[in-house]
Amino acid sequence: MQFFNLHTHKFTNQPQVLELVNQYPQEFDAEIPFYSIGIHPWFIVEDRIGADLAIIESKLQDENCRAVGECGLDKRIEIPFDLQQIVFEKQLALAQKQNKPVVIHCVAAFQEIIEIKKRLNITVPMLIHGFSKNEQVAKQLIDAGFYISFGKYLLRNPELESVFKSIPNDRFFLETDTIEEGIREVYALAAKYKGLDLIELQDIINVNYKTVFDFRFLGT
């Protein structure tokens, strides 16, 4: 694998790129070979939660479904925060039951996410996607056992260079989410910031991929 895209909403089917494509329960596309599936906090429909969770639980038993998500918490939307927490925690329970990582959308709720992980004793890998905050928040997440993924904001905000450089090499991923740029451009900038050549960066992310997505098989 030359490039791994942790989170994208667009399947590009490039031979050198492994893409974890975000899927929603009610819009599932069986043609996508490698995906995550979850209830995004923006799209919670209260009278459909049970049906959506049933679809997620079913798909999680598919080997090509490699993660729950994106799911999470967002304090800047109108969906009631307590409802968001209920839906998020139910998805974490499914991830724990099926032993799958979790791709997390988090806006202004990092302390709550950290608290939930600890309270529920979540042991599967939890990955914060699209990180854009400061070194202090990044350190809190790393210390709490999270992985952090960078993409859009790494390309758009030069101030994230120091934050990205502070992340241990065994705790980060790269992504495109919804941007037009490809994953190769994200890799190129990440390698520059880390002072690595492209092959060294690819090796780091490949190891992280194996740790997070093949963790179920380690030691067997």
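Counting begins at 1 with the first residue of the sequence.
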- Side-chain touch Ile114/Phe146, heavy atoms, less than 4.5 angstrom: yes
- Chi angles and distances behind the ring pair (Phe, Tyr, Trp, His ring centres under 6.0 Å) call for Phe43, Tyr24: CA-CA 9 Å; Phe43 306 129; Tyr24 300 116; 5.3 Å; yes
- Can the positive tip of Arg184 be found less than 6.0 Å from the middle of the six-membered ring of Phe3, inside 45° of the ring normal? yes
- Salt-bridge criterion met for Arg66 and Asp214 (N-O under 4.0 Å): yes
- Message: Hydrophobic clustering (ILVMFWY, side-chain heavy atoms < 4.5 Å, transitive) - are Ile37 and Trp42 grouped together?
- Response: yes
- Message: Test your reading of the model: is there a side-chain donor-acceptor pair from Lys100 to the backbone of Cys65, 3.5 Å cut-off?
- Response: yes
- Task: Please name the residue in the list Phe4, Tyr147, Phe164 that meets the ring-ring contact (aromatic ring centres under 6.0 Å, His included) test with Phe172.
- Result: Phe164
- Please examine the side chains of Leu154 and Phe131, heavy atoms only from C-beta on, and report whether any two atoms are closer than 4.5 Å. no
- Query: Taking NZ, NE, NH1 and NH2 as the nitrogens, is one of them in Glu175 or Lys152 under 4.0 Å from a carboxylate oxygen of the other?
  - Reply: no
- Indicate whether the side chain of Glu70 and that of Ser36 have a donor and an acceptor atom separated by less than 3.5 Å. no
- Task: Report the residues that fulfil side chain to side chain donor-acceptor pair (under 3.5 Å) with Asn169, sequence neighbours left out, ordered by chain and then residue number.
- Result: Lys194
- Within one Ile-Leu-Val-Met-Phe-Trp-Tyr cluster: Leu83 and Val68, side-chain cutoff 4.5 Å: yes
